[in-house]
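Predicted model, so just to flag it, every value in this text is computed and none were measured.
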Amino acid sequence: MTALYRGVLGRDPGPSEVSWWSGTVTSQGTFSVTLGFWRSWESALQRVNAAYQVYLGRSADPGGLSTWAPVLLARGEGELRGQLVGSLEYWNRAQTRFPPT
C-alpha cells in the first residue's frame, strides 16, 4: 500500500488509509484500489499541477486546480491537455520560447 501511495500520490499513507484500502483490496480486489487512487481528487490535483508545469511552465493556481481537476476526472487527460495548449497563456509562452523567424 505504501508503494502505491508513494507512486501515485507522492506521500506515505496514514494508518486509517491503510486500513481502508486493505479492506477494499479484500472485498473488491487490487484493480479497484488502483482505479480508486487514479480517480481520486488528490491524484487529479497532482496531475493538473503536473500538466501546468509541462505546458505552462508553472504550478497551477488554486483557481486552475479547482477548475481543471473536475474536468480531468470527468473527461480525461486529453481534454485537460487540449484546453491548456489551446489557451492564450500557452500561445504566449510558445511565442516567447520559439519566436517566429
Side-chain angles (χ1 to χ4, degrees):
M1 197 62 53
T2 299
L4 188 58
Y5 263 82
R6 286 180 184 162
V8 176
L9 303 177
R11 67 176 179 85
D12 288 342
S16 64
E17 293 168 318
V18 171
S19 176
W20 166 263
W21 289 113
S22 295
T24 303
V25 166
T26 302
S27 65
Q28 299 177 25
T30 56
F31 179 76
S32 292
V33 172
T34 304
L35 190 60
F37 269 76
W38 192 249
R39 290 183 176 170
S40 73
W41 185 255
E42 185 176 355
S43 171
L45 293 174
Q46 289 187 7
R47 289 183 285 143
V48 167
N49 199 52
Y52 264 68
Q53 289 289 348
V54 169
Y55 296 108
L56 302 179
R58 66 176 178 89
S59 296
D61 53 77
L65 289 171
S66 65
T67 298
W68 294 113
V71 171
L72 174 69
L73 291 172
R75 298 188 213 149
E77 307 279 338
E79 180 71 19
L80 172 63
R81 286 190 301 268
Q83 293 293 330
L84 290 178
V85 301
S87 71
L88 181 59
E89 183 177 351
Y90 180 83
W91 172 258
N92 289 336
R93 183 171 188 247
Q95 292 299 305
T96 302
R97 292 178 67 204
F98 310 105
T101 55

Between [atom1] on residue [X] and [atom2] on residue [Y], distance to nearest 0.5 Å:
X: Ser87; Y: Arg93; atom1: OG; atom2: CZ; result: 10.5 Å
X: Tyr52; Y: Leu80; atom1: OH; atom2: CG; result: 8.0 Å
X: Arg97; Y: Asn92; atom1: CZ; atom2: CG; result: 13.5 Å
X: Tyr90; Y: Gln95; atom1: OH; atom2: CD; result: 10.5 Å
X: Leu72; Y: Leu45; atom1: CG; atom2: CG; result: 9.5 Å

Worksheet item: Out of curiosity, does Tyr5 fall in the hydrophobic cluster containing Trp41 (side-chain heavy atoms, cut-off under 4.5 Å, transitive links)?
Response: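 As far as the 4.5 Å side-chain criterion goes, Tyr5 and Trp41 are not connected within one cluster.
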Worksheet item: In terms of hydrophobic clusters joined by side-chain contacts under 4.5 Å, are Val85 and Trp68 together?
Response: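 In one cluster: yes.
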Worksheet entry | For Pro13 against Val18, the heavy-atom pair lying closest together |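 Answer, listing the atom of Pro13 first, then Val18: CG-CG2, 3.6 Å.
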Discussion item. For Leu65 versus Pro70, what's the shortest heavy-atom pair and its separation?
Written reply: O-CD, 4.2 Å
Worksheet entry | salt bridge (charged side-chain N to carboxylate O under 4.0 Å, His left out) against Arg81, all qualifying residues, sequence neighbours excluded |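 Once residues adjacent in sequence are excluded, Arg81 has no partner under the salt bridge (charged side-chain N to carboxylate O under 4.0 Å, His left out) criterion.
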Worksheet entry | Residues in salt bridge (charged side-chain N to carboxylate O under 4.0 Å, His left out) contact with Arg39, at least two apart in sequence or another chain | none
Discussion item. Any non-hydrogen side-chain atom of Glu17 less than 4.5 Å from a side-chain atom of Arg11?
Written reply: yes
Worksheet item: Just wondering, are more than 12 heavy atoms of other shown residues or ligands nearer than 6.0 Å to CH2 in Trp91?
Response: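 Incorrect, the count does not exceed 12.
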Worksheet item: Regarding Arg47 and Ser43, is there a side-chain donor-to-acceptor distance under 3.5 Å anywhere?
Response: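 Per modelled atom types, Arg47 and Ser43 side chains form a pair under 3.5 Å.
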Quick one: side chains of residues 29-36, donor-acceptor pairs under 3.5 Å with protein atoms, not counting sequence neighbours, listed by atom name and distance.
unit_1 : atom_1 : unit_2 : atom_2 : d
Ser32  : OG     : Gln28  : O      : 3.4
Thr34  : OG1    : Thr30  : O      : 3.1

Discussion item. Let's go through Leu9 and Ser40 carefully: what are the C-alpha distance in whole Å and the side-chain angles of both, what is the deciding distance for side-chain contact (heavy atoms from CB on, under 4.5 Å) to 0.1 Å, and is it a yes or a no?
Written reply: CA-CA 10 Å; Leu9 303 177; Ser40 73; 4.1 Å; yes
Item to complete: Look at the side chain of Asn49 and the backbone N and O of Ala60, then say whether any donor-acceptor pair between them is shorter than 3.5 Å.
Response: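 Present.
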Discussion item. Can you classify the ring geometry of Phe37 versus Trp21 as parallel (below 30°), tilted (30 to 60°) or perpendicular (above 60°)?
Written reply: tilted
